[in-house]
Amino acid sequence: MSINLKQSVKCPKCAQMSEVTVWSSITVKDSADLKKDLLEGRVNIFRCPNCAQAGLMPHPMLYNDEDKRLMITFSPADDAVVKQQLFEKVQSASKESGELEKLEGYNLRFVSDYNALLEKILIFDNGFNDKAIEVIKLMILSQDIDKSEQRSCRFGKSENGNMEFMIHDFIENQVYTSQVPVETYNTIWQSLKESGVKPYSFEWEIVDGAYATRLLNGYNNNF
């Protein structure tokens with residue numbers, strides 16, 4: 001079930017009060033149009049009707065796509081310690097409630113960044129698994145190791161047998177693209193599965209660059 005609530009928000013720029021619809025849960029089967037709005041950046045985004053100031057509403061959201069067996073918990077957090085605390089809270093609550101037994105075969109993801117939420121949805125919509133995608137992103141950034149710390153990489157789209165990734169350089173303030181053949185993904189994903197990585201979750205997971213680094217160092221999702 002998709003769930004929302006109304007919040008009164010004071011614009012940080014002009015101080016005008018306005019009412020905003022905030023979504024705390026999106027179930028794709030019930031709200032296909034809402035998923036489209038989410039991917040187009042129109043969900044939980046505050047836009048002042050007076051001065052047009054815009055910003056993300058820092059509100060947790062649960063995204064559930066039953067057909068793709070994908071569930072994502074989004075809990076906004078910039079601080080690494082807070083992020084870990086929120087993640088552990090989700091894990092603990094899920095185990096105590098017994099919901100994990102009902103989510104067999106699901107990919108369960110925890111993200112604290114809005115763009116990461118959208119990226120996860122796009123990855124699975126294109127028929128990929130984010131565990132292999134994160135490894136590919138790490139490999140792309142490693143091509144220019146001296147600048148890898150000042151860059152981020154995100155999956156963009158897949159077409160004509162290629163995947164496109166967007167690389168943002170925060171220091172140079174530039175955006176680049178990188179093309180990777182889908183066949184490369186297939187090879188990497190097959191190799192990961194043969195090493196023990198499962199195509200589904202046993203509990204909530206954070207699948208990001210740090211996760212990919214552990215995979216490349218010889219770990220799998222059963223450690």
Side-chain angles (χ1 to χ4, degrees), residues 1-66 68 70-94 96-97 99 108-125 130 149-157 166-175 204-210:
M1 178 186 297
S2 296
I3 303 172
N4 67 55
L5 54 89
K6 301 289 186 180
Q7 284 190 353
S8 294
V9 179
K10 182 179 181 180
C11 178
K13 184 176 181 180
C14 71
Q16 177 168 308
M17 298 295 297
S18 59
E19 191 173 67
V20 180
T21 298
V22 179
W23 292 89
S24 56
S25 177
I26 294 178
T27 300
V28 175
K29 184 176 289 186
D30 300 332
S31 314
D33 290 342
L34 188 56
K35 174 186 175 180
K36 182 175 183 293
D37 289 342
L38 174 64
L39 290 174
E40 293 178 356
R42 296 200 296 268
V43 171
N44 291 3
I45 301 296
F46 164 75
R47 288 184 175 81
C48 179
N50 182 55
C51 70
Q53 175 76 6
L56 174 67
M57 297 291 293
H59 190 82
M61 179 196 299
L62 180 67
Y63 176 89
N64 183 14
D65 189 331
E66 296 178 17
K68 291 185 172 59
L70 173 67
M71 187 175 287
I72 307 172
T73 288
F74 166 58
S75 295
D78 293 325
D79 183 82
V81 174
V82 173
K83 175 182 177 181
Q84 184 62 31
Q85 291 174 341
L86 290 170
F87 175 54
E88 291 174 357
K89 184 177 180 179
V90 168
Q91 285 185 311
S92 177
S94 184
E96 291 176 3
S97 68
E99 70 172 1
L108 306 173
R109 299 291 184 265
F110 175 92
V111 298
S112 59
D113 177 81
Y114 189 78
N115 288 325
L117 167 66
L118 304 185
E119 182 188 36
K120 296 293 184 192
I121 296 171
L122 287 175
I123 289 171
F124 283 93
D125 275 1
D130 59 338
E149 294 297 323
Q150 68 191 52
R151 292 177 173 178
S152 66
C153 181
R154 296 216 182 266
F155 173 83
K157 61 183 179 181
M166 308 300 293
I167 299 95
H168 180 201
D169 191 306
F170 301 102
I171 302 299
E172 298 177 359
N173 195 27
Q174 296 288 330
V175 176
W204 289 95
E205 300 178 280
I206 296 177
V207 178
D208 55 11

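Positions are given from 1 along the sequence.
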Lys83: partners by salt bridge (charged side-chain N to carboxylate O under 4.0 Å, His left out), with sequence neighbours left out | Asp208
For Glu172, enumerate each residue passing the side-chain contact (heavy atoms from CB on, under 4.5 Å) test, keeping only those at least two apart in sequence or located in another chain.
-> Lys147, Gln150, Arg151, Asp169, Gln174, Tyr176
Pairwise side-chain contact, Gln53 with Pro12, heavy-atom cut-off 4.5 Å (strictly under) = yes
Heavy-atom side-chain contact between Lys10 and Gln16 under 4.5 Å = no
Cut-off 3.5 Å, no hydrogens considered: what does the side-chain donor-acceptor table look like for residues 18-32, sequence neighbours left out?
from: Thr21; atom 1: OG1; to: Lys6; atom 2: NZ; distance (Å): 2.6
from: Ser24; atom 1: OG; to: Ile3; atom 2: O; distance (Å): 3.4
from: Ser25; atom 1: OG; to: Met1; atom 2: O; distance (Å): 3.0
from: Thr27; atom 1: OG1; to: Met1; atom 2: N; distance (Å): 2.8
from: Thr27; atom 1: OG1; to: Met1; atom 2: O; distance (Å): 3.3
from: Lys29; atom 1: NZ; to: Glu66; atom 2: OE1; distance (Å): 3.1
from: Ser31; atom 1: OG; to: Ser2; atom 2: OG; distance (Å): 2.7

Test side-chain contact (heavy atoms from CB on, under 4.5 Å) applied to Asp33 - qualifying residues, sequence neighbours left out = none
Does the side chain of Ile72 come within less than 4.5 Å of Met61's, by heavy atoms?
-> no
So how far is it from Asn50 CG to Met17 CE, rounded to the nearest 0.5 Å?
-> 13.0 Å
side-chain contact (heavy atoms from CB on, under 4.5 Å) filter on Ser152, not counting sequence neighbours, yields His168, Phe170
Does a side-chain heavy-atom distance below 4.5 Å link Met71 with Thr73?
-> no
Donor-acceptor pair, side chain of Ser97 and main chain of Ala93, under 3.5 angstrom | yes
Please identify each residue that fulfils ring pair (Phe, Tyr, Trp, His ring centres under 6.0 Å) with His59, with sequence neighbours left out.
-> none
Please test Met57 against Val9 for side chain to side chain contact (heavy atoms under 4.5 Å, CB included), starting from the C-alpha separation and ending with a verdict.
-> CA-CA 9 Å; Met57 297 291 293; Val9 179; 3.5 Å; yes
Using the test ring pair (Phe, Tyr, Trp, His ring centres under 6.0 Å), find all partners of Phe46 that sit at least two apart in sequence or belong to another chain.
-> none
Can you give each donor-acceptor pair under 3.5 Å made by side-chain atoms of residues 113-124, sequence neighbours left out, with the distance rounded to 0.1 Å?
from: Asp113; atom 1: OD2; to: Asn115; atom 2: N; distance (Å): 3.0
from: Asp113; atom 1: OD2; to: Ala116; atom 2: N; distance (Å): 2.9
from: Asp113; atom 1: OD2; to: Arg154; atom 2: NH2; distance (Å): 3.0
from: Tyr114; atom 1: OH; to: Val43; atom 2: O; distance (Å): 2.9
from: Glu119; atom 1: OE1; to: Lys137; atom 2: NZ; distance (Å): 3.2
from: Glu119; atom 1: OE1; to: Arg154; atom 2: NH1; distance (Å): 3.2
from: Glu119; atom 1: OE2; to: Lys137; atom 2: NZ; distance (Å): 3.0
from: Glu119; atom 1: OE2; to: Phe155; atom 2: N; distance (Å): 2.7
from: Lys120; atom 1: NZ; to: Asp130; atom 2: OD2; distance (Å): 2.8
from: Lys120; atom 1: NZ; to: Val207; atom 2: O; distance (Å): 2.6

Closest heavy-atom contact between Trp204 and Phe110?
-> CE3-N, 4.3 Å
Please identify each residue that fulfils side-chain hydrogen bond (donor to acceptor under 3.5 Å, both in side chains) with Gln85, with sequence neighbours left out.
-> none
Determine the minimum heavy-atom distance between Cys51 and Cys48, stating which atoms define it.
-> N-SG, 3.5 Å
Distance-only polar pair, side chains of Ser92 and Glu96, donor-acceptor under 3.5 Å = yes
Those residues at least two apart in sequence (or on a different chain) that pass salt bridge (charged side-chain N to carboxylate O under 4.0 Å, His left out) with Lys89 are none
Could you list the residues that satisfy salt bridge (charged side-chain N to carboxylate O under 4.0 Å, His left out) with Lys13, not counting sequence neighbours?
-> none
Do any pairs count as a salt bridge (charged side-chain N to carboxylate O under 4.0 Å, His left out) and have a residue in residues 41-61, sequence neighbours left out, and if so which ones?
-> Asp37-Arg42, Glu40-Arg42
Quick one: CG on Asp65 to CG on Asp125, what's the gap to the nearest 0.5 Å?
-> 6.5 Å
4.5 Å side-chain heavy-atom contact, Val175 and Met166 | yes
